[in-house]
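The structure appears right after this line, and notes come after that.
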Amino acid sequence: MEARIDKWLWAARIFKTRSIAVDACKNGRVTINGVNVKPSRPLKEGEVVSVKKPPITYSFRVLKCIEQRVGAKLLPEIYENVTDPKQYELLEMSRISGFVDRARGTGRPTKKERRALDDFTAPALFGFDDLDDDFDLDD
């Protein structure tokens, strides 16, 4: 049995909408066995689909080709997650350092992120809070 890759990505709940799945295919973020694919490419059982969702690349082995969306409880019958554990470590590292290395164009920091940045760059952190006592400008 075969299914279109864009429909399968949507039906397997890897992307929230089919149009997002189509965009991912067109922009080269979806590969099958290491080859970039078009949204209309037929998908066969046993193939490995890799999806780049920065900062990591997820990999899935297709167990069943479907084009109709199914419940989340049925996903283990649809695909097997074969993502490299190092990718998940990379994801955790990016979560920890998320506010320090902010991607361009993501907008203003949230209140929580701003407070964390303020705490990080506070003068007391570097020992400059008693700076006036060390330098006497009257001499």
Side-chain angles (χ1 to χ4, degrees):
M1 188 171 163
E2 292 182 347
R4 283 175 55 117
I5 183 68
D6 61 336
K7 287 186 179 182
W8 185 85
L9 290 169
W10 167 75
R13 297 179 178 265
I14 295 168
F15 289 105
K16 191 172 184 177
T17 65
R18 188 168 157 213
S19 60
I20 296 172
V22 169
D23 289 341
C25 292
K26 286 181 179 177
N27 294 327
R29 292 191 300 266
V30 178
T31 60
I32 296 178
N33 299 327
V35 179
N36 287 346
V37 295
K38 293 181 179 179
S40 61
R41 184 195 186 278
L43 181 68
K44 298 179 181 89
E45 293 176 6
E47 291 183 317
V48 176
V49 178
S50 297
V51 179
K52 292 177 193 160
K53 287 187 176 182
I56 70 171
T57 302
Y58 296 95
S59 298
F60 307 100
R61 178 171 286 114
V62 179
L63 301 178
K64 191 174 182 183
C65 292
I66 59 169
E67 289 191 347
Q68 295 294 316
R69 201 162 171 106
V70 296
K73 290 183 179 180
L74 299 176
L75 291 181
E77 301 171 12
I78 307 301
Y79 64 79
E80 176 187 0
N81 190 347
V82 291
T83 306
D84 187 20
K86 291 179 183 177
Q87 295 288 326
Y88 287 113
E89 292 175 15
L90 194 75
L91 179 65
E92 190 61 33
M93 290 301 292
S94 70
R95 280 189 184 146
I96 291 170
S97 64
F99 70 91
V100 176
D101 189 23
R102 189 167 189 84
R104 186 173 181 197
T106 55
R108 292 175 16 185
T110 63
K111 186 183 268 189
K112 182 178 179 182
E113 291 171 333
R114 182 185 51 79
R115 287 180 178 161
L117 281 168
D118 290 346
D119 290 344
F120 182 71
T121 59
L125 187 69
F126 300 108
F128 296 132
D129 53 343
D130 58 343
L131 191 64
D132 294 335
D133 297 339
D134 293 340
F135 296 104
D136 192 14
L137 300 175
D138 295 333
D139 289 336

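Heavy-atom basis, side chains included; hydrogens, waters and symmetry copies ignored. Treat the numbers as computed from the prediction; the structure is a model and nothing was measured.
If you chain together hydrophobic residues whose side chains sit under 4.5 Å apart, Tyr58 and Val37 fall into the same group. Residue Leu43 is grouped with residue Leu75 when hydrophobic side chains (ILVMFWY) are merged at heavy-atom distances under 4.5 angstrom, including chains of intermediate members. Both Val62 and Val51 are part of a single hydrophobic cluster, where members link through side-chain heavy atoms under 4.5 Å apart. Both Ile32 and Ile78 are part of a single hydrophobic cluster, where members link through side-chain heavy atoms under 4.5 Å apart.
With sequence neighbours excluded, no residue satisfies salt bridge (Lys or Arg N to Asp or Glu O under 4.0 Å) with Arg115. Checked against salt bridge (Lys or Arg N to Asp or Glu O under 4.0 Å), Glu77 has no partners two or more places apart in sequence or in another chain. Residues satisfying the side-chain contact (heavy atoms from CB on, under 4.5 Å) criterion with Asn36, sequence neighbours excluded, are Thr31. Glu45 meets the side-chain hydrogen bond (donor to acceptor under 3.5 Å, both in side chains) test with no other residue; sequence neighbours excluded. Among residues two or more places apart in sequence or in another chain, the side-chain hydrogen bond (donor to acceptor under 3.5 Å, both in side chains) test is passed with Thr83 by Asn81. Under the salt bridge (Lys or Arg N to Asp or Glu O under 4.0 Å) criterion, Glu67 pairs with Lys7, not counting sequence neighbours. In this structure Phe60 satisfies the ring-ring contact (aromatic ring centres under 6.0 Å, His included) test together with Tyr79, sequence neighbours excluded. Under the rule for a salt bridge (Lys or Arg N to Asp or Glu O under 4.0 Å), Arg29 has no partner lying at least two apart in sequence or in another chain.
Listed by first then second residue, pairs satisfying salt bridge (charged side-chain N to carboxylate O under 4.0 Å, His left out) with a partner in residues 50-66 read Arg61-Glu80, not counting sequence neighbours. Applying the salt bridge (charged side-chain N to carboxylate O under 4.0 Å, His left out) definition to pairs two or more places apart or across chains, those involving residues 32-43 are Arg41-Glu47. Note on residues 14-51: no pairs pass ring-ring contact (aromatic ring centres under 6.0 Å, His included), not counting sequence neighbours. For the side-chain hydrogen bond (donor to acceptor under 3.5 Å, both in side chains) condition, the pairs that include at least one residue of residues 14-23, sequence neighbours left out, are Asp6-Arg18, Thr17-Ser19.
In terms of heavy atoms, Pro76 sits closest to Leu63 at O-CD1, 3.5 Å.
Note that the CZ atom of Arg114 and the CG atom of Asp119 stand 10.0 Å from one another [nearest 0.5 Å]. The CD1 atom of Ile20 lies 12.5 Å from the CH2 atom of Trp10; values are rounded to the nearest 0.5 Å.
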Step by step, work out the side chain to side chain contact (heavy atoms under 4.5 Å, CB included) result for Leu9 and Val49. CA-CA 9 Å; Leu9 290 169; Val49 178; 4.2 Å; yes
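Remark: side-chain polar atoms of Arg13 are not paired, donor with acceptor, to backbone N or O of Arg69 under 3.5 angstrom.
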